[in-house]
Amino acid sequence: MARDLPPLNALRAFEAAARLGSVSEAARELHVTHGAISRQLKQLEEALGLALFAKEGRGVKLTDAGVRLRDAASEAFERLRSTCIELQRQTSEAPFVLGCPGSLLARWFIPRLDRLNRDLPELRLQLSASEGELDPRKPGLDATLWYAEPPWPADMQVFELAAERIGPVLSPYHPRCAELRGAAPAALLEETLLHTASRPQAWPNWTRQQGLDPARLRLGQSFEHLYFLLEAALAGLGVAIAPQQLVADDLKSGRLLAPWGFVETDARLALWVPARRLDRRAERLADWLRAELGDKPIE
């Protein structure tokens, strides 16, 4: 069987160069020289008896054969990586690593973390926060918890947990709180509203569901992350908009008010697990999250 395959190092060099689109980047990733990668690529082409790269201007591009081999090699190496991770997990009892946006982590997950650890001690949960777009396929992550809209990708096992419901919130310390909390939704068209760059459509979507014209919105201070947006709202700096789950504890404590309730969006809070790395612990975590999210929405 081994005689039917080209040298493994040559295949590995080719996969990296084809995936990254650069011999130099492949050399950097594999910690070898540019010349070493070039020699491996030449060796592979000689072993196969065909060209994998063709000149294009000052650069090169993959031939049809190169594209076929790239796709097959990428899949094979990904399966090897995934299998090795699974084997390491079994032998070392590694923790379950969950990726999660920082705002969701800070405002919803951490207040419930002690209870989760008591209920699912076998999880040995380890959290990885990010405010950028999380890639559930990222090495080192077992699953990712985030808001997203279907359809779901074919290479993911997605456990839907709850519909996203968004609504305006303000602090009792807001200068016009007493006036606003008894007003109709249209009153917010006269307010300078807090918003976040990560969810530019939140206010327009909510406004349309109220039968109002989004063009009349007056957007004021913008925040890079939802966490900072809500801190500003808590300080009484303005009216913000947020998913109900992320402000549930503040609403219960009275730190924030939601006079206009919440409306459902197309997004879902879901647990994403790469299909090739499906871990039964993910199913137990999904069940726990569904139960925790099962409380009646706060209006």
Side-chain angles (χ1 to χ4, degrees), residues 1-89 92 94 96-102 126-146 148-149 151-158 197-198 224 272-279:
M1 173 84 72
R3 290 193 298 270
D4 297 334
L5 288 173
L8 182 59
N9 283 341
L11 283 171
R12 189 180 182 209
F14 167 79
E15 188 276 333
R19 169 169 45 83
L20 299 170
S22 166
V23 171
S24 298
E25 290 297 323
R28 187 173 295 110
E29 179 178 287
L30 299 178
H31 305 290
V32 297
T33 65
H34 184 286
I37 296 293
S38 297
R39 287 191 295 273
Q40 293 287 358
L41 297 178
K42 182 178 180 182
Q43 181 183 12
L44 181 59
E45 289 183 324
E46 291 175 350
L48 295 173
L50 47 79
L52 300 173
F53 294 92
K55 289 185 178 180
E56 184 178 57
R58 295 184 178 181
V60 294
K61 68 173 185 177
L62 289 170
T63 63
D64 290 343
V67 170
R68 289 183 61 189
L69 185 59
R70 177 201 62 193
D71 294 344
S74 295
E75 181 179 357
F77 279 107
E78 177 57 29
R79 291 187 66 182
L80 282 171
R81 279 190 287 267
S82 298
T83 301
C84 288
I85 290 172
E86 288 299 319
L87 291 173
Q88 290 171 342
R89 180 183 295 116
S92 63
F96 187 90
V97 183
L98 178 67
C100 184
Q126 179 178 320
L127 297 165
S128 176
S130 171
E131 282 295 349
E133 182 172 339
L134 290 167
D135 185 352
R137 304 166 186 82
K138 180 181 177 182
L141 290 182
D142 293 297
T144 301
L145 179 68
W146 62 352
E149 294 183 12
W152 312 126
D155 63 341
M156 286 287 144
Q157 173 71 51
V158 178
S198 63
E224 185 177 0
W272 291 48
V273 186
R276 291 177 186 160
R277 299 204 299 269
L278 188 58
D279 187 324

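Every heavy atom of this structure was used, including side-chain atoms; hydrogens, water molecules and symmetry mates were not.
Within a 6.0 Å sphere centred on CG of Asp155, heavy atoms belonging to other residues, nucleotides or ligands number more than 12.
A distance-only check finds no donor-acceptor pair linking the side chain of Glu45 to the backbone of Ala51 [under 3.5 Å].
A salt bridge is absent between Glu25 and Arg19: the closest approach of a Lys/Arg side-chain nitrogen to an acidic carboxylate oxygen does not fall below 4.0 angstrom.
Ala13 and Leu30 make their closest contact through CA-CD1, 3.9 Å (heavy atoms, listed as atom of the first residue, atom of the second, distance). Across every non-hydrogen atom of Ser74 and Glu15, the tightest pair is OG-OE2, 3.5 Å. What you find for Pro7 and Gln43 is that their closest heavy atoms are CG-NE2, 3.5 Å. What you find for Leu141 and Ser128 is that their closest heavy atoms are CD2-CB, 3.9 Å.
Annotation: side chain of Arg12 is in contact with side chain of Phe77 (closest heavy-atom distance under 4.5 Å). Between Leu69 and Leu52 the shortest side-chain heavy-atom distance falls below 4.5 Å. Leu50 has its side chain out of reach of Thr63: every pair of non-hydrogen atoms, C-beta onward, lies at least 4.5 Å apart.
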Between Arg70 and Leu62, is a side-chain contact (heavy atoms from CB on, under 4.5 Å) present by the stated rule, with each step listed? CA-CA 9 Å; Arg70 177 201 62 193; Leu62 289 170; 3.7 Å; yes

List the steps and the verdict of side-chain contact (heavy atoms from CB on, under 4.5 Å) for Val23 and Ser38. CA-CA 7 Å; Val23 171; Ser38 297; 3.9 Å; yes

